[in-house]
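Both backbone and side-chain heavy atoms feed into the values below; hydrogens, waters and symmetry mates do not. Fair warning: this is a prediction, and the values are worked out from it, not measured in the lab. Counting convention: from 1, in listed order, for ligands and their atoms alike.
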Amino acid sequence: MALASRYPDVEIPDLSVPEFVLAGGASRPDAPALVDGLTGDSISHGQLATYVDRVAAALAARGLRKGDVVAVLCPNTMWYPVVFHGIARAGCVMSPINSLYTAHEVAFQLKDSGAKVLVTVSPFLDRALEAVEQTPVDEVVVMDGAEGHASLLDLITSDAPSVQVDIDPAEDLVTLPYSSGTTGLPKGVMLTHRNLVANVSQSRPLVELHEGDERIIAVLPFFHIYGLTVLMNQGLQWGGTVVTLPRFDLEQFLRTIQDHKITRAFVAPPIVLALAKHPMVDQFDLSSLRSITSGAAPLDEALAQAAQDRLRKGADAGVVVAQGYGMTELSPVSHTTPDANRLPAGVTSVPKGSVGLALPNTECRLVDPSTGQDAAAGERGELWVRGPQVMKGYLNNQKATDETLDAEGWLHTGDVAVVDENGCYTVVDRVKELIKYKGYQVAPAELEAVLLGNPAIADAAVIGVKDEESGEELPKAFVVRAPGAELTEEEVMDYAGSRLAPHKKIRAVEFIDQVPKSAAGKILRKDLKARA
Ligand code: 4UV
């Protein structure tokens with residue numbers, strides 16, 4: 001039985017992402033749209049619109065056409081949104097690449113997505129060029145300039161004619177982030193203009209917006225869909241100011257909130273942990289904050305409460321620390337905690353351990369995976385979501401699409417949840433393979449494939465093991481040595497570590513005689529979890 005949202009449906013504008021998002025600041029052309037949190041440099045809403053038009057024109061002049069993929073390998077800077085919206089306005093598809101990826105991982109995404117152009121920054125250029133060698137990428141644009149490469153300045157000063165690309169929001173892709181979904185290797189998640197426009201529109205009734213007075217801190221990466229939709233596009237669509245930081249450094253983060261009077265922070269659990277526990281927090285005035293929303297991994301209820309209690313001390317208005325829930329395949333938000341006066345009738349509060357309420361236009365089911373039946377009221381079940389934010393499918397992978405997205409449009413999340421009588425959902429478990437480390441995806445199948453590339457390893461399986469102290473899930477490898485091979489735990493960790501981004505590090509190794517598998521050859525991860 002479908003569980004309806006507690007909110008009435010919202011209308012989803014039939015617009016492309018740049019049309020919709022950039023309209024938010026159109027009435028305030030001189031107000032800052034983007035600010036570099038480190039230097040204070042800024043781009044106004046008016047400038048943003050002009051730069052986006054120029055980037056789109058320059059890309060079209062290079063021969064890029066609707067549907068062509070442009071990959072972006074950049075940290076958060078105030079220029080990232082210029083590039084994203086420029087690509088989108090040209091009708092192209094932006095595939096964001098994790099800044100921490102090794103050349104090998106970058107090459108995988110470039111090849112799989114069929115990217116024609118890669119946009120990067122000079123500190124990443126060596127890695128980018130090493131990756132590009134193995135791919136059909138035609139051009140590497142270096143935002144801050146490098147010998148022999150076009151720069152962002154070249155693009156935004158281009159005198160190419162403006163482009164008017166005919167975009168069908170419901171059909172045409174705007175972004176192609178990568179996610180392993182419930183099983184297997186990372187896959188391109190096809191998100192349309194309508195998916196992203198919908199997701200920002202759906203979130204709006206849950207926010208008590210202070211028009212012209214919202215400043216969002218963007219420290220979570222724009223290369224992750226949470227950063228792209230919630231921090232960047234939502235912030236700009238509000239007509240607010242998005243203040244960027246290239247990486248998380250607690251002192252910079254706190255100073256930026258204080259100096260730029262940040263009103264909204266969207267973060268992941270490790271940042272809430274720091275806010276609750278680190279002594280440095282008391283040295284800064286964080287009273288401008290209205291809400292801190294945590295997502296991307298489970299947040300401990302007591303920790304959320306502790307962070308809120310600490311930040312409220314001495315502040316006039318009370319910041320709310322709460323959770324949202326999302327998934328790349330959901331553009332990404334399906335649930336979040338509304339501002340206090342945006343709660344549905346009859347609901348007085350959302351428990352801190354809950355991920356909040358289903359957004360408007362979002363239906364949910366909680367399904368017992370063993371029977372396919374809806375769970376009884378109050379019982380746990382796999383969360384299924386249906387709504388306009390659900391992806392179109394995985395790129396070139398009908399099988400994975402069919403396994404995740406059923407014929408009736410339900411996206412099977414692989415997360416287990418319960419819902420209370422107020423419509424507040426709590427995520428209680430995960431039945432998919434995915435491991436989350438500091439909010440980043442770690443796909444066991446990817447780590448296993450890398451390990452199997454070592455001739456001293458006959459077989460391997462990876463699972464996440466909860467570390468009680470940090471609350472993090474740590475990737476642990478079970479390894480079967482090849483006959484006669486001598487291999488230490490360190491060698492296994494170093495072998496994988498040199499080939500994968502730091503968040504995918506194997507943090508524990510156990511040697512075993514045989515990986516437990518089903519008759520069909522599937523790794524029995526449950527058995528390994530029980531053993532760990
Ligand atoms: O695909 P992904 O990496 O996507 C995300 C998205 C998180 C967002 C996005 C917008 C929000 O407003 C927000 O609050 C959170 O992480 O990973 C998806 C998986 O991450 C786990 C869950 O297993 C998803 O399937 N996850 C995400 N949020 C939570 C969570 C949460 N609050 N509690 C527990 N697990």
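Residue, atom and distance of the protein heavy atom nearest to atom 34 (C) of ligand 1 are P298 N, 3.4 Å. Protein heavy atom closest to atom 11 (C) of ligand 1, with residue, atom name and distance, is Y226 CE1, 3.5 Å. The protein atom (non-hydrogen) at minimum distance from atom 18 (C) of ligand 1 is G326 O, 3.4 Å. Protein heavy atom nearest atom 12 (O) of ligand 1, with residue, atom name and distance: V333 CG2, 3.6 Å.
Evaluated for a ring pair (Phe, Tyr, Trp, His ring centres under 6.0 Å) with F222, the options Y80, F266, F84 yield exactly one hit, Y80.
Note: M232 CE to L196 CG = 10.0 Å, rounded to the nearest 0.5 Å. Interatomic distance, CH2 of W79 versus SG of C74, reported as 13.0 Å (0.5 Å rounding). A distance of 8.5 Å separates CZ of R365 from CZ of R386, quoted to the nearest 0.5 Å.
Side-chain atoms of K505 do not come within 3.5 Å of backbone N or O of M493 as any donor-acceptor pair.
For the residue pair Q109 / S95, a side-chain donor-acceptor distance below 3.5 Å is found, with atom types taken as modelled. T401 and Q398 share no side-chain donor-acceptor pair at under 3.5 Å. A donor atom on one side chain and an acceptor atom on the other are not found under 3.5 Å apart for R215 and T263.
Of all heavy-atom pairs spanning V442 and P475, the tightest one is CG1-CG, 4.1 Å.
For ligand 1, the polar-atom distance check finds an N/O of Q323 within less than 3.5 Å of one of the ligand's N/O atoms. Ligand 1 has no nitrogen or oxygen under 3.5 angstrom from a nitrogen or oxygen of S179. Taking only nitrogen or oxygen atoms, main chain and side chain alike, L434 does not reach within less than 3.5 Å of ligand 1. The shortest N/O to N/O separation between D415 and ligand 1 falls below 3.5 Å. Ligand 1 has no N or O atom lying under 3.5 Å from any N or O atom of E329, backbone or side chain.
A cation-pi arrangement is absent between R531 and F478 under the rule of less than 6.0 angstrom and at most 45 degrees off the ring axis.
Among G353, A296, G227, the residue whose heavy atom lies nearest to atom 21 (C) of ligand 1 is A296. Of the candidates G324, A417, S334, A322, G324 brings a heavy atom nearest to atom 32 (N) of ligand 1. Between atom 17 (O) of ligand 1 and the options Q234, K436, M327, the minimum heavy-atom separation is to K436. When the heavy atoms of A297, P177, G295 are ranked by distance to atom 31 (C) of ligand 1, first place goes to A297.
Note on ring orientation: taking the six-membered ring where Trp is involved, the planes of H412 and W384 are parallel (angle under 30°, cut-offs 30° and 60°). Between Y101 and H503, the ring-plane angle classifies as parallel under the 30° and 60° cut-offs.
Less than 4.0 angstrom separates some heavy atom of K432 from each of these atoms of ligand 1: 23 (O), 24 (C), 25 (O). Listed by atom number, the atoms of ligand 1 under 4.0 Å from R430 heavy atoms are 23 (O). Taking a cut-off of under 4.0 Å to the non-hydrogen atoms of T328, the atoms of ligand 1 that pass are 1 (O), 2 (P), 3 (O), 4 (O). Which parts of ligand 1 touch Q441 is read off a 4.0 Å heavy-atom cut-off, strictly below it: atoms 1 (O), 2 (P), 3 (O), 17 (O). Distances below 4.0 Å separate heavy atoms of H224 from the following atoms of ligand 1: 2 (P), 3 (O), 4 (O), 5 (C), 6 (C), 16 (O).
When non-hydrogen atoms are compared, ligand 1 lies under 4.0 Å from the side chain of P332 (C-beta onward) but not from its backbone.
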